[in-house]
2 protein chains.
Amino acid sequence: MTSLPTGHLGEVDPTSDRAVFRQIADQLREAIDRGRFREGEKLPSEAELVDHYGVSRMTVRNSFSILQGEGLVHAEHGKGVFVRPRPPVRRLASDRFARRHRDQGKSAFIVEADAAGSHPQVDSLEVKEEKATQDISTRLGSARKVLARRRRYLLDGRPVEFAASYLPLDIARGTQIAEPNPGPGGIYARLEELGHRLDHFEEEIRARMPSPAEVKTLRLASGVPVIHLIRTAYDTEGRAVEVCDTVMAADAYVLSYQLPAT
Amino acid sequence: MTSLPTGHLGEVDPTSDRAVFRQIADQLREAIDRGRFREGEKLPSEAELVDHYGVSRMTVRNSFSILQGEGLVHAEHGKGVFVRPRPPVRRLASDRFARRHRDQGKSAFIVEADAAGSHPQVDSLEVKEEKATQDISTRLGSARKVLARRRRYLLDGRPVEFAASYLPLDIARGTQIAEPNPGPGGIYARLEELGHRLDHFEEEIRARMPSPAEVKTLRLASGVPVIHLIRTAYDTEGRAVEVCDTVMAADAYVLSYQLPAT
DNA sequence: CTCCTTTAGGTATCTAGACGAGTGGGCGAG
DNA sequence: CTCGCCCACTCGTCTAGATACCTAAAGGAG
């Protein structure tokens with residue numbers, strides 16, 4: 001017995017209740033979990049599995065599609081099917097908007113990524129005035145027109161996050177917030193300079209599968225969900241002065257919050 | 001033209017770069033987004049789409065499997081393929097562990113769900129002593145043996161959350177925390193009675209696709225991610241006194257946090 | 001040595017058909 | 001009228017094979 005590519009795998013029972021393609025997926029999954037196939041390593045090809053199990057090619061592909069849906073493997077056309085490596089994650093701490101982080105010349109994202117030794121980029125900047133959607137309008141206390149700032153964040157060339165900030169036009173129009181580069185400390189620093197002292201933020205977090213547009217923008221592999229975060233910033237008067245709608249590749253993030261127990 | 005079941009759908013271009021099954025999925029997705037098919041409504045059957053588009057059945061099934069992966073539709077054997085209804089969501093506010101919520105006789109989950117008009121249940125209770133995993137041990141400050149409390153939460157009969165609490169054995173052994181029913185206010189109230197006044201919580205949030213075991217436990221439809229939340233409770237001495245590992249059906253939850261801007 | 005072509009081995013897509021199995025309505029027996 | 005069976009419709013699984021296209025390495029032309 002040489003080290004056959006399918007050496008770790010057993011057989012399937014066609015008479016079992018469990019469908020053959022699920023049995024094959026189970027065996028591959030277990031082999032991956034046990035480290036028989038390591039991260040980035042190539043799995044046996046479709047043809048090899050067809051031979052090994054004595055099933056048709058569609059059945060093998062069906063198995064692969066299960067594992068892809070679980071985000072365990074990814075297929076590369078012409079090369080093979082590989083165990084998906086777990087990418088480095090970015091931790092978002094709940095104090096990331098603390099005032100003390102707001103004095104540097106660069107954005108929080110750049111500073112943080114540099115510190116972590118990654119290569120950060122910000123991309124597809126768009127700043128324009130537009131009509132607020134129903135949801136944004138509600139969150140901003142019925143603002144009708146807003147300034148929208150959209151950008152994409154990349155880490156080592158990989159898109160990880162797409163964010164859109166919305167501010168009521170009566171606050172943002174004509175200020176540096178309406179410029180592509182909002183200056184040191186970002187828009188929160190500018191808001192405070194404009195007299196809107198920030199009081200607190202509210203963050204709503206959901207997770208779901210991405211839309212096709214999000215798959216494209218974030219270059220998501222199949223089986224990777226997104227984290228959808230909607231943050232509303234309130235000033236000390238209780239007015240909502242900004243809503244930031246962020247979609248993150250879930251495999252690239254861990255969010256971290258600290259809560260008082262009082 | 002009567003109201004054919006496929007009346008809203010166009011044609012496909014086999015010469016297009018975009019694969020036929022993707023084109024079909026696109027058309028169905030758009031029809032759903034536009035409300036041509038409503039929540040819970042049945043889509044055209046495979047056979048009808050085969051006739052309409054003039055493709056083979058595998059191609060149509062391929063389209064359906066895309067939409068299933070996106071969590072947009074679900075198939076019911078013998079009945080058809082249906083637009084997946086968006087279930088009611090449970091909002092988790094960041095003050096849900098505030099001391100003022102800790103005096104009632106029932107658990108926070110029960111109280112909250114009752115208030116929202118849902119029928120809550122707690123299930124598969126397991127309380128036992130065990131060896132801590134590496135991760136849990138680290139989070140609990142190198143505790144080796146722990147008390148583990150596992151339970152599943154259901155809303156209107158649907159499982160929505162599976163949670164496991166771990167406490168250092170030297171704190172929990174022999175106390176009411178080791179009983180199936182920890183009493184009014186839950187284990188946090190008991191911890192404080194034991195002299196561990198709670199100072200703050202730390203929550204880590206991830207999103208990912210569920211493992212097969214999680215699919216089973218939470219009866220998840222395909223295309224539904226899970227939110228994985230790990231909460232560590234610290235007492236005023238800075239000691240980690242509990243770790244709670246929670247897996248939630250992502251389509252049933254919105255997490256909400258309030259952050260100070262200081 | 002460099003660059004292009006060929007080729008072997010991958011996956012992507014599609015067809016056509018077969019059988020299995022869950023669901024629900026119609027219809028006949030009682 | 002009611003109950004139970006049958007059947008039509010539906011999705012689930014599997015086979016067998018064809019074509020297309022991608023990738024990498026080998027080999028030949030310059």
Side-chain angles (χ1 to χ4, degrees), chain A residues 4-6 11-28 37 40-69 72-84 212 215 221-223, chain B residues 4-6 11-28 37 40-69 72-84 212 215 221-223:
Chain A
L4 296 171
T6 54
E11 298 176 1
V12 289
D13 172 12
T15 68
S16 159
D17 274 351
R18 192 151 180 86
V20 172
F21 73 89
R22 286 184 210 284
Q23 294 180 51
I24 296 177
D26 289 345
Q27 290 188 19
L28 291 170
F37 301 109
E41 198 174 334
K42 185 175 166 303
L43 271 71
S45 74
E46 295 178 351
E48 282 164 348
L49 291 172
V50 163
D51 285 349
H52 178 85
Y53 286 114
V55 298
S56 86
R57 195 168 149 247
M58 280 304 296
T59 304
V60 169
R61 283 184 59 75
N62 229 331
S63 310
F64 278 156
S65 88
I66 287 187
L67 300 179
Q68 272 188 57
L72 270 180
V73 306
H74 68 109
E76 292 182 33
H77 194 161
K79 295 169 80 175
V81 177
F82 301 83
V83 178
R84 197 135 68 71
V215 168
S222 67
Chain B
L4 296 172
T6 54
E11 298 175 2
V12 289
D13 172 13
T15 69
S16 158
D17 274 351
R18 192 151 179 86
V20 172
F21 74 87
R22 286 184 212 284
Q23 295 180 50
I24 296 177
D26 290 344
Q27 290 188 19
L28 291 169
F37 301 109
E41 197 173 339
K42 186 175 167 304
L43 293 175
S45 75
E46 295 178 352
E48 281 164 350
L49 290 173
V50 163
D51 286 347
H52 178 84
Y53 287 115
V55 296
S56 85
R57 188 167 157 240
M58 282 304 295
T59 304
V60 169
R61 282 184 61 76
N62 228 331
S63 309
F64 278 156
S65 89
I66 287 187
L67 300 178
Q68 272 187 57
L72 271 179
V73 306
H74 68 109
E76 291 182 33
H77 194 165
K79 296 167 84 173
V81 177
F82 300 83
V83 179
R84 197 135 67 71
V215 167
S222 66

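Throughout, a chain's letter reflects where its sequence line sits, starting with A, and its residues are numbered from 1.
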Given side chains that start at C-beta, do those of [X] and [Y] come closer than 4.5 Å, heavy atoms only?
X: B:Gln23; Y: B:Ser16; answer: yes
X: B:Val73; Y: B:Gln68; answer: yes
X: A:Pro14; Y: A:Tyr53; answer: no
X: B:Leu43; Y: B:Phe64; answer: yes

What is the distance, to the nearest angstrom, from the [atom1] atom on [X] to the [atom2] atom on [N]?
X: A:Asp51; N: C:dG10; atom1: CG; atom2: P; answer: 10 Å
X: B:Asn62; N: D:dC11; atom1: CG; atom2: P; answer: 15 Å
X: A:Leu49; N: C:dG10; atom1: CG; atom2: P; answer: 11 Å
X: B:Glu46; N: C:dT23; atom1: CD; atom2: P; answer: 16 Å
X: A:Glu48; N: C:dT11; atom1: CD; atom2: C1'; answer: 13 Å

**Message:** Check the phosphate of D:dC11 against B:Arg61, side-chain N and O only, distance under 4.0 Å to OP1 or OP2. Yes or no?
**Reply:** no
**Asked** Is the phosphate of C:dT13, meaning OP1 or OP2, less than 4.0 Å from a side-chain N or O of B:Thr59?
**Response** no
Kindly give the atom pairs (protein nitrogen or oxygen, nucleotide nitrogen or oxygen) under 3.5 Å for nucleotides 5-7 of chain C.
none

How many angstroms lie between atom [atom1] of [X] and atom [atom2] of [Y], to the nearest 0.5 angstrom?
X: B:Leu28; Y: B:Leu72; atom1: CG; atom2: CG; answer: 10.0 Å
X: B:Ile66; Y: B:Asp26; atom1: CD1; atom2: CG; answer: 7.5 Å
X: A:Ser222; Y: A:Arg84; atom1: OG; atom2: CZ; answer: 7.0 Å

Scan nucleotides 16-18 of chain C against the protein and return all N/O pairs shorter than 3.5 Å with their distances rounded to 0.1 Å.
{"residue": "C:dA18", "atom": "N6", "partner": "B:Arg57", "partner atom": "NH1", "Å": "3.3"}

**Message:** I'd like to know if the side chain of B:Gln27 reaches the main chain of B:Glu11, judged simply by a donor and an acceptor atom lying under 3.5 Å from each other, with no hydrogens or angles considered.
**Reply:** yes
**Prompt:** Taking the side chain from B:Thr59 and the backbone from B:Phe21, do they hold a donor-acceptor pair closer than 3.5 Å?
**Reply:** no
**Shortest non-hydrogen contact from B:Ser63 toward B:Ile24** = OG-CB, 3.4 Å
**Prompt:** If every non-hydrogen atom of A:Val20 is compared with every non-hydrogen atom of A:Val55, which pair is closest and at what distance?
**Reply:** CG1-CG1, 3.8 Å
Anything under 3.5 Å between a protein N or O and an N or O of nucleotides 20-23 of chain D, put it in a table, one pair a line.
{"residue": "D:dC21", "atom": "O2", "partner": "A:His77", "partner atom": "NE2", "Å": "3.1"}

**Fill in**
Residue pairs meeting salt bridge (charged side-chain N to carboxylate O under 4.0 Å, His left out), one or both in residues 52-64 of chain B, sequence neighbours left out, come to B:Glu46-B:Arg57, B:Glu46-B:Arg61
**Prompt:** Which residues, if any, of residues 16-25 of chain A bring a heavy atom under 4.0 Å of DNA chain D?
**Reply:** A:Ala19, A:Val20, A:Phe21, A:Arg22
**Request:** Sequence neighbours left out, what passes salt bridge (charged side-chain N to carboxylate O under 4.0 Å, His left out) with B:Lys42? Give chain and number order.
**Result:** none
